[in-house]
Amino acid sequence: MTTDVKRTGPGGGPGGQAGQKPSGGPPVLVRVFRDNGALTALIGLVAVMALMSPDFLNTGNLLNVGGQAAVTAILAFGVTFVIVSAGIDLSVGSVAALSAMVLAWTATSQGLPVWLAVLFALGTGLACGLVNGLMVAYGRLPSFIATLAMLSVARGLALVVSQGSPIAFPDPVSALGRTLGGWLPVPVLVMAGMAVVAAVVLNLTYSGRSMYAIGGNEEAARLSGIRVPRQKLVIYGLSGTFAAVAGIVLASRLASAQPQAAAGYELDAIAACVIGGASLSGGVGRASGTLIGALILAVLRNGLNLLSVSAFWQQVVIGAVIALAALVDTLRRRT
Amino acid sequence: MTKDAAAEPAPPGPPLLRTEGVSKTFPGVVALDGVDFAVRAGEVHVLLGENGAGKSTLIKVLSGASRPDGGRVLMAGRPVRLHGAQDAERLGIATIHQEFNLVPDLTVAENIFLGRQPRRFGLVDRARMEADAAALLARVGVDVAPTARLRDLGVARMQMVEIAKALSIDARVLIMDEPTAVLTNEEVDRLFRIVRRLRDEGVAVVFITHKLEEVAALGDRVTVLRDGRSVAEVPADTERDDLVRLMVGRSIEQQYPRRPGPVRPGGVPLLRVSGLARAGAFRDVGFEVRGGEVVGLAGLVGAGRTEVARAVFGADAYDHGAVEVDGRPLARHDVNAAMAAGIGFVPEDRKGQGLLLDASVGENLGLVTLRRATRAGLVDRAGQRRAAASMAGRLGVRMAGLDQHARTLSGGNQQKVAIGKWLLADSRVLILDEPTRGVDVGAKVEIYRLVNELTAAGHGVLMISSDLPEVLGMSDRIVVMAQGRVAGELGGAEATQDAVMALAVGTP
């Protein structure tokens, strides 16, 4: 049989949306949009916002949107690893705050060199993630419970370290929150870089492919020789490390580490993954989808601000969008 | 052919529940082929048959879980529609499945009245529910508090709760699917006393068992199923040998293209298992598989075959014994050690354990070799894809392309993928657990050919199968297990259906 095998794109996971049907259907562009509901939604949303607010398509505003999306997106990339493996990570917001706090405390309060402080911060995120992983993989705790505990512990530690007050961020790191050449926000660059890292991890590394296998069918993965507990350590460790990066980016924008920073961001991160097509039952999810999900959230917030919609109503709209995205995705899968 | 029920000296009275020419076909399998079956009020009717004879399907039809394609079911002489468990319940047909339908974290009383709780002013009347439950439990004759949490009970008492639940719907027909499989001898005695009392109260009991000694001990009449047909209805005191003959009496209809491989006698066997034991599962299990050889692992469902296979592969732990590959001992409970030594395992539960259903054929084929295809942390996905494509071609997997999801393949093609991932890993000893279950005839033959190819290349195959003709047709030697132990080993000419079945049911 000489069926034309449809290629899976670079972002195509095993549960990716491509490749359900043999080719011969509608033209490529139509298929791309049909198979990428989130991308279509983002483009639609941008078009609507552009029509309703003349300021929206302004370069400065778009870069602003990118900056706003950056922290959520970086957190969400880490969470994507966990969700693809059929887990959940609720601790990323707290871990982000704690990591940033460690950076500020070691550099500003203790006077350590900045590069060392950054390593400490990343190490803090990694350690929190590994503890999550240990509790899930070896303690057999449901990921919801393990990371819920970490959510509280990391937030508490951030408060302990800071004694409840913000600590100024060291200057070289605060540069991360500024712009390059006077127009390109550095957080957008970091987001793009982390997107590439996440895509490479998911698509090309042994651990990434294991995430899909574990999320798809943990027992089948185990019986095929994947060391599930060890891979879970990697997965949660990655998520914690990504959270640390997000925390540093957030603090650099504010020029200080705040103990209550990024509270509730874990929910935005999960929402970004789900809007981007990841399935909470595991095995499905892409870095590109998560990026689009985070952008959709940021565009919505920004657009609603430009339209002077009250912050109260914004919450209502964003909640509705999350539900809608999940519903559309469920319906599409059923047919 | 079914004997005329009127010719039996059994208790008088018309049948209470009866099937007439009931048939049921699944894709590629005729599960029931015109089954006539009748149970009367006040009798224990044993349903006997080897694995796959159609007992489970018949029970599903009688309990409303499965709709027959043809024939009809009559209750007290009137045709009835059984389109769900509720229909059966309304007619007074209660079924106790092997897997209990109980909620572990609810109390005994809540389980008995699940979905039918007595209510007062719209609220559950706990006092009345617990009093009613206590009365039912007393009728069963079991000492369990209605307020006890089900999770805290042993298996035997859970079963009693199931019986009490059946009584709570005023069951006139009680169907019990292998209720003794999980009980100790003492518990079996108690169960039998309860069943006899229910029978004497006029309940029609359908009793499914694999254990022939239970037939005479409890039953009044026996219906033997074979290949989806009711082949005989005989009194329960029929000789065991005659029952065994009725169960297996058929010729090997299918073609098994077994070509023995180049077995090297003597020397070190490829796989040697000795003294393998795990409390409550199996004990003293030993056998060998040589290069070029297919060893069949036969036995009834629940004899411990799958448990042994999983322990050999390292998927589960074992307490004692040793597994050696090429004479080198294998670490216990270590899948990766087993894989490194060249063992591959295709589990019985293809969908639950063998495949990533929502991943592509290509991903599934490359799963075992993922580690090998990784260089410096990066997977050679192009190479993986090429290898998968060539394996899919070699196995003749019928698919739209490598990107098709495994879920949408037919059973036979799914199985080819589940086996193919081990072939890509060059496994030298392949453990196949029920490799042709739910697989259509054409794909079966392709799988047999593949087994021949493997043994021709000097690999060894351990094949678990509940399909007797298949075991006989494809194995060079047969190890028969019964109740967690190796009951015997049969080679060449001694391996007949009767001999295997006799060992499997424990007939001396």
Side-chain angles (χ1 to χ4, degrees), chain A residues 1-10 12-25 35 84-86 197 200-231 234 238 279 281-285 333, chain B residues 310 313-316 334-340 343-347 349-364 366-381 384-385 389 392-393 396 398-408 418 421-422 425:
Chain A
M1 226 165 48
T2 54
T3 310
D4 176 16
V5 175
K6 195 162 81 176
R7 305 289 303 185
T8 311
Q17 289 117 327
Q20 296 245 16
K21 292 187 183 110
S23 67
D35 293 343
V84 163
S85 72
V197 172
V200 168
V201 167
L202 282 171
N203 290 299
L204 296 179
T205 66
Y206 177 77
S207 290
R209 303 321 294 165
S210 301
M211 292 171 197
Y212 288 100
I214 292 170
N217 186 341
E218 187 168 326
E219 182 67 1
R222 184 174 81 94
L223 293 180
S224 298
I226 285 168
R227 292 180 165 92
V228 175
R230 193 181 298 179
Q231 288 307 320
V234 174
L238 276 172
S279 160
S281 49
V284 179
R333 266 171 231 281
Chain B
R310 286 178 58 95
F313 181 62
D316 297 324
D334 186 344
V335 170
N336 295 89
M339 281 172 56
I343 303 184
F345 175 56
V346 179
D349 180 2
R350 186 163 57 229
K351 294 183 176 175
Q353 300 176 351
L355 292 171
L356 310 174
L357 287 175
D358 291 314
S360 69
V361 170
E363 293 287 337
N364 272 289
L367 196 54
V368 176
T369 40
L370 196 56
R371 169 59 75 193
R372 202 180 297 169
T374 305
R375 292 276 177 279
L378 296 183
V379 177
D380 174 14
R381 288 192 74 181
Q384 282 275 83
R385 206 175 161 84
R398 275 173 283 282
M399 57 180 184
L402 280 181
D403 289 324
Q404 186 175 346
H405 288 197
R407 185 187 294 283
T408 58
K421 64 180 177 180
W422 294 105

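Nothing here was measured: the structure is a model prediction, and the numbers come from that model. Residue numbering restarts at 1 for every chain, and letters A, B, ... go by the order of the sequence lines.
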Open item on the list: Please find the pair of heavy atoms, one from A:A220 and one from B:G354, that lie closest to each other, and give the distance.
Closed with: CB-C, 4.0 Å
TODO: Measure the CG-OG distance between B:L356 and A:S224 for me, rounded to the nearest 0.5 Å.
DONE: 7.0 Å
- [ ] Could you pull out the closest heavy-atom pair between A:L204 and B:R381, with the gap in Å?
- [x] CD2-CD, 4.1 Å
TODO: Check A:I226 against B:L370 and note the closest heavy-atom contact, atom names and distance.
DONE: CD1-CD2, 4.4 Å
TODO: Could you check which of B:N336, B:D334, B:V335 has the highest count of heavy-atom pairs closer than 4.5 Å to chain A?
DONE: B:N336
Open item on the list: Closer than 3.5 angstrom, by distance alone: can the side chain of A:R222 be matched with the main-chain N or O of B:A315 as a donor-acceptor pair?
Closed with: yes
Open item on the list: Using a 4.5 angstrom heavy-atom cutoff, name the option from B:L355, B:N364, B:T369 with the most pairs to chain A.
Closed with: B:L355
Open item on the list: Counting C-beta onward and ignoring hydrogens, is there a side-chain heavy-atom pair between A:T205 and B:L378 closer than 4.5 Å?
Closed with: yes
- [ ] Any chance you could measure B:L367, atom CG, to A:S210, atom OG, to the nearest 0.5 Å?
- [x] 8.0 Å
TODO: Check whether A:V200 gets within reach of chain B through its side chain, its backbone, both or neither, counting any heavy atom under 4.5 Å.
DONE: side chain
